[in-house]
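Data block below; observations after.
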Amino acid sequence: MKKLLLTLALGSPFALLAQTNLYALIDKQADAIEQQVITWRRDIHQNPELSNREFKTAEKVAAHLKSLGIAVETKVALTGVVGILKGDKPGPVVALRADMDALPVVERVNLPFASKVKSDYRGEQVGVMHACGHDTHVAMLMGAASVLAGMKKDLPGTVIFLFQPAEEGAPPGEKGGAKLMVEEGVLKRHGVSAVFGIHIGSANEVGTVRLKAGSLQASADRFVIKVKGKQTHGSMPWGGIDPVTVSAQIILGLQNIVSRQVDISEAPVVISVGKISGGVRNNIIPEEVELEGTIRCLDPKMQDEVHARMKTTAVNIAESAGATAEVEVVKHVPITANNPALTQRMGPTLKRVAGEDNVIVTKPIMGAEDFSFFANEVPGVFMFLGGMKKGQDPKTAPPHHTPDFYIDESGLKLGVRLHCNMALDYLREGALK
Ligand SMILES: [Zn+2]
Ligand SMILES: [Zn+2]
C-alpha cells in the first residue's frame with residue numbers, strides 16, 4: 001500500500017527514470033555541443049547585422065534548423081526565423097526566444113573575432129557590433145535546437161524557436177521586432193502557450209541566473225512636448241512669451257511628478273528629457289521650444305497615471321505664462337513582467353540546472369526589453385544569464401551597448417541547458433491551468 005501511494009504521488013517509477021535520463025542526456029549533449037556554440041557565436045559576432053537587416057544571420061539559423069530536420073518559417077517580421085520541432089509524443093507548445101540584432105557601436109575589444117563591419121545607419125556609415133550579446137542568444141538557441149531535435153522521440157509536445165529581429169528597435173519608419181512577430185500571428189498560428197527568454201549579462205557572474213516574478217524590466221515610452229510662446233527681442237521679454245523659461249519650468253515640473261506625486265514606494269518611475277531644441281541666436285526669444293524624452297515605469301497603472309500627470313503639468317505650467325504646451329506620449333515597449341505562476345513553477349527547474357545558490361532574485365531594471373510583447377500574449381518568463389568572468393568586480397565590467405562590451409563564453413553552455421530543461425519540464429507538466 002505504501003509503495004502504491006508513493007507510486008501515485010510521483011508518477012510511474014519508469015517515467016521518473018526516463019525523466020532523469022533525459023536530464024542527463026541534455027547535459028551530455030550540451031557538453032558535446034559547447035564548442036560548436038562558441039564557434040557559432042564568434043562567427044555571428046564577427047558578422048553583426050543591424051535591426052531588420054539580419055539577413056545573413058537568419059540564413060545561418062534557417063540552414064542549421066533545416067539540417068536538424070526542424071520545419072522552418074523565414075521572413076517572419078521581415079528577417080525573423082521560426083523553427084517548429086514537433087515531438088513524437090502529444091503535449092503543449094512552448095516557445096524559446098533569441099533576438100538577433102546588433103548595434104551601431106564601433107567594437108574596441110581586442111579579440112581575433114572582433115567586428116570590423118560597417119553598415120549604413122540613418123544615411124551614415126557606422127561601425128556595427130554585437131554590443132548587447134544577442135550573438136550569444138542566437139548561438140545558445142541554435143545549440144538548444146540541436147539538443148532538443150536529438151530528443152524528438154521523447155518530447156511530449158512542440159518547441160517553437162523564435163529567432164527574432166530588431167529587438168533594439170526597427171529603423172525609423174519601419175515596423176519590426178517582437179511586436180511585429182506577434183502581429184503576424186506567430187504565437188497564435190502555432191498555439192504557443194508559454195514563452196521563455198534568456199538575456200546574457202556582461203556584469204553578471206558566469207553560472208548565475210537572475211530573475212524575479214512580476215515586473216522585471218520597465219516600459220519605455222517616448223514623449224514630445226511642444227511649447228509655443230511668442231517671439232520677441234531678447235532685451236525685452238515682456239514684449240512676447242518666452243517658451244525657453246516655460247520649458248525650464250516644465251522640465252522641473254516633470255521631476256516633481258516623480259518625487260512628489262506618484263507612490264515611488266510602490267515602484268520606481270523615471271522621466272528623462274533627452275533633447276531640447278529651440279531658438280537661433282542669443283538675442284532672440286524664440287517662438288517655440290521642443291522637448292523630447294523617455295518615461296520608464298514598472299507598474300501599468302502608474303504608467304497611465306504618469307502620462308496623464310505629465311500632460312496636466314506641462315499644459316498648466318505653459319498656461320500660467322500665457323504659452324501653450326502640446327504633449328504627445330507614444331507607448332513604445334511595454335513592461336516585461338514574468339508570469340508569477342510560471343516563474344514559480346520553473347523555480348525547481350532553474351535550481352536543478354544552475355544550482356540552488358546560482359538562481360538569484362534580482363531587482364527590476366529600468367531598461368526595456370521587447371520580449372514583453374510575447375509575454376503580454378502568453379505567460380512568459382525572462383531571465384539574465386551570467387556572462388562575466390568569475391571573480392571579476394561587476395563595477396569593472398563594461399556595460400551593454402558600449403564599445404568594450406565583453407562576454408565570457410564559458411557562460412553559454414548553461415544557457416543551452418536552461419533552454420532545453422525549461423522546454424522539457426514545461427512540456428511534461430503541461431500548460432498552466
Ligand atoms: Zn540592448
Ligand atoms: Zn539586448
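For reference, positions follow the sequence shown, starting with 1. First listed ligand is number 1; within each ligand, the first listed atom is number 1.
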*asked:* Quiz question: by atom type and distance under 3.5 Å, do the side chains of H134 and E49 form a donor-acceptor pair?
replied: no
*Under 3.5 Å, is there a donor-acceptor pair linking the side chains of R53 and S51?*
no
*Report the protein N/O/S neighbours of the Zn ion (ligand 2) that fall below 2.8 Å; do not count waters.*
C132 SG, H134 NE2, H199 NE2
*Can K351 and D357 be counted as an ion pair, charged N to O under 4.0 angstrom?*
no
*Is it true that D88 and K152 make a salt bridge, defined as a side-chain N closer than 4.0 Å to a carboxylate O?*
yes
*With the threshold set at 4.0 Å, does a side-chain nitrogen-carboxylate oxygen contact exist between K301 and E266?*
no
_Under a 4.0 Å threshold between the charged nitrogen and the carboxylate oxygen, would K331 count as salt-bridged to D304?_
yes
